[in-house]
Amino acid sequence: MEAQTYQLPRIRSILVGVAVFLLFLAILCSLSDLVKLIGGPFLYLPARLGLIREVTSADVYTIHLTSLPTVRKIEAPGRYLVYTGDFQLLSLTTESLDAKAKPWLKLKSRTTGEEVPVSFVNRGLRLYDTPLVKGRPIFAFEIKTAGTYEIIHPRRDATVWIVPDYTAGREKTIVLAYVLQVTAILLVLGFPYYRRSWRRRQAKRARQREKREQVEAFWRAERRRREEEERRGGCLS
């Protein structure tokens with residue numbers, strides 16, 4: 001029995017494997033951004049029709065958590081979401097939510113001194129989350145009066161973004177818009193295939209019909225031939 005020789009993997013195979021792994025890792029790390037980039041274009045048409053309102057770069061408030069406190073002037077009243085893509089902050093938020101603790105971020109009006117209630121956003125990333133910021137929403141709050149607000153938070157080497165929540169209460173409209181647009185795209189992309197398939201089916205049916213007509217014509221001719229032979233045989237007898 002011959003001994004099997006062990007072959008070392010080629011350098012090219014190793015490099016391809018490493019490249020594939022790095023590509024998979026890059027896609028995994030940027031998955032949230034990829035999801036929002038895919039979903040973002042589908043909001044354009046509903047926004048143009050006035051069904052929803054899109055977040056613009058002017059609407060985004062960037063908060064660096066490296067210093068305390070952070071003071072920001074919020075220009076318009078309404079509901080806001082706090083986004084982050086920082087893994088430690090996401091983990092801290094999940095732990096606080098599981099422990100039923102209060103949110104680690106607080107807002108207080110510099111004018112009245114009143115604290116703005118902040119609540120957890122207990123959902124994952126959605127296609128309609130704005131691609132202008134990283135990560136997913138972790139907190140929500142509502143500003144009743146425009147003004148200057150003090151944002152209290154842990155000091156971290158991380159960034160969060162405060163974004164107007166233009167999608168609250170319009171989720172069903174957004175989902176319906178997604179479904180209609182995806183359906184339209186599939187119909188447009190699938191129409192050439194359907195047309196080719198329809199033509200192939202029509203051609204196949206035509207060939208089958210032609211073949212059937214040929215067979216029927218053959219048997220009709222054969223039947224006439226036999227009848228003719230029978231008549232000739234009767235005449236001879």
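Clustering of Ile, Leu, Val, Met, Phe, Trp and Tyr side chains at separations under 4.5 Å leaves Y193 isolated, with no partner residue. Summarising the hydrophobic clusters (Ile, Leu, Val, Met, Phe, Trp, Tyr; side-chain heavy atoms under 4.5 Å, direct or chained), the residues clustered with V179 are V175. Alongside W219, the hydrophobic cluster contains V215, F218 (criterion: ILVMFWY side chains under 4.5 Å).
T56 is linked by a side chain to side chain donor-acceptor pair (under 3.5 Å) to D59, counting only residues two or more places apart in sequence or in another chain. Remark: R156 pairs with no residue by the side chain to side chain donor-acceptor pair (under 3.5 Å) rule, at least two apart or across chains. Checked against side chain to side chain contact (heavy atoms under 4.5 Å, CB included), R126 has the following partners two or more places apart in sequence or in another chain: R123, Y128, D129. Every side chain to side chain contact (heavy atoms under 4.5 Å, CB included) that E114 has, sequence neighbours left out, goes to T112.
One finds the CG atom of L68 at 11.0 Å from the CD1 atom of I151 (value rounded to the nearest 0.5 Å). Interatomic distance, D165 CG to R79 CZ, rounded to the nearest 0.5 Å: 4.5 Å. Taken from CG in D157 to OG1 in T66, the straight-line distance is 7.0 Å, to the nearest 0.5 Å. Atom NZ of K108 is separated from atom CZ of R110 by 8.0 Å, given to the nearest 0.5 angstrom. The OG atom of S109 lies 11.5 Å from the CD atom of E115; values are rounded to the nearest 0.5 Å.
Residue V133 is not grouped with residue I143 when hydrophobic side chains (ILVMFWY) are merged at heavy-atom distances under 4.5 angstrom, including chains of intermediate members. V163 and I63 fall into different hydrophobic clusters, where Ile, Leu, Val, Met, Phe, Trp and Tyr side chains are chained together by heavy-atom contacts under 4.5 Å. Residues L105 and Y149 are members of one and the same hydrophobic cluster, defined by side-chain heavy-atom contacts under 4.5 angstrom among Ile, Leu, Val, Met, Phe, Trp and Tyr. Taken together through direct or relayed side-chain contacts under 4.5 Å among Ile, Leu, Val, Met, Phe, Trp and Tyr, I162 and I152 form parts of separate hydrophobic clusters. Y178 and L125 fall within a single hydrophobic cluster, where Ile, Leu, Val, Met, Phe, Trp and Tyr are joined by side-chain heavy atoms under 4.5 Å apart, directly or via other members.
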Just list the side-chain donor-acceptor pairs under 3.5 Å for residues 48-55, sequence neighbours left out, or say none.
from	atom 1	to	atom 2	distance (Å)
R53	NH2	Y166	OH	3.4

Quick one: side chains of residues 198-206, donor-acceptor pairs under 3.5 Å with protein atoms, not counting sequence neighbours, listed by atom name and distance.
from	atom 1	to	atom 2	distance (Å)
R201	NH1	S197	OG	2.8
Q202	OE1	R205	NH1	3.2

Side chain to side chain contact (heavy atoms under 4.5 Å, CB included) evaluation trace for T111 with T145: CA-CA 10 Å; T111 304; T145 306; over 6 Å; no
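Among all heavy-atom pairs drawn from P46 and A177, the shortest one is CG-CB, 3.6 Å. When all heavy atoms are compared, the tightest approach of V116 to E142 is CG1-O, 3.5 Å.
Residues L90 and R136 are in side-chain contact: their nearest non-hydrogen atoms beyond the backbone lie under 4.5 Å apart. Taking the side chain as every heavy atom from C-beta outward, I138 and V121 never approach each other to under 4.5 Å. Residues F139 and F120 meet the side-chain proximity criterion, which asks for heavy atoms closer than 4.5 Å. W161 has its side chain out of reach of L81: every pair of non-hydrogen atoms, C-beta onward, lies at least 4.5 Å apart. In this structure, the side chains of V82 and V118 stay at 4.5 Å or more apart for every pair of heavy atoms.
Not one N or O on the side chain of T84 forms a donor-acceptor pair closer than 3.5 Å with the backbone of P137.
For residues 71-95, the pairs satisfying ring pair (Phe, Tyr, Trp, His ring centres under 6.0 Å) are Y80-F141, with sequence neighbours left out. Screening residues 67-77 for side chain to side chain donor-acceptor pair (under 3.5 Å) gives T70-H153 as the qualifying pairs, with residues at least two apart or on separate chains. Pairs of residues two or more places apart, or lying in two chains, that qualify as side chain to side chain donor-acceptor pair (under 3.5 Å) and include a residue from residues 88-98 are T93-W104.
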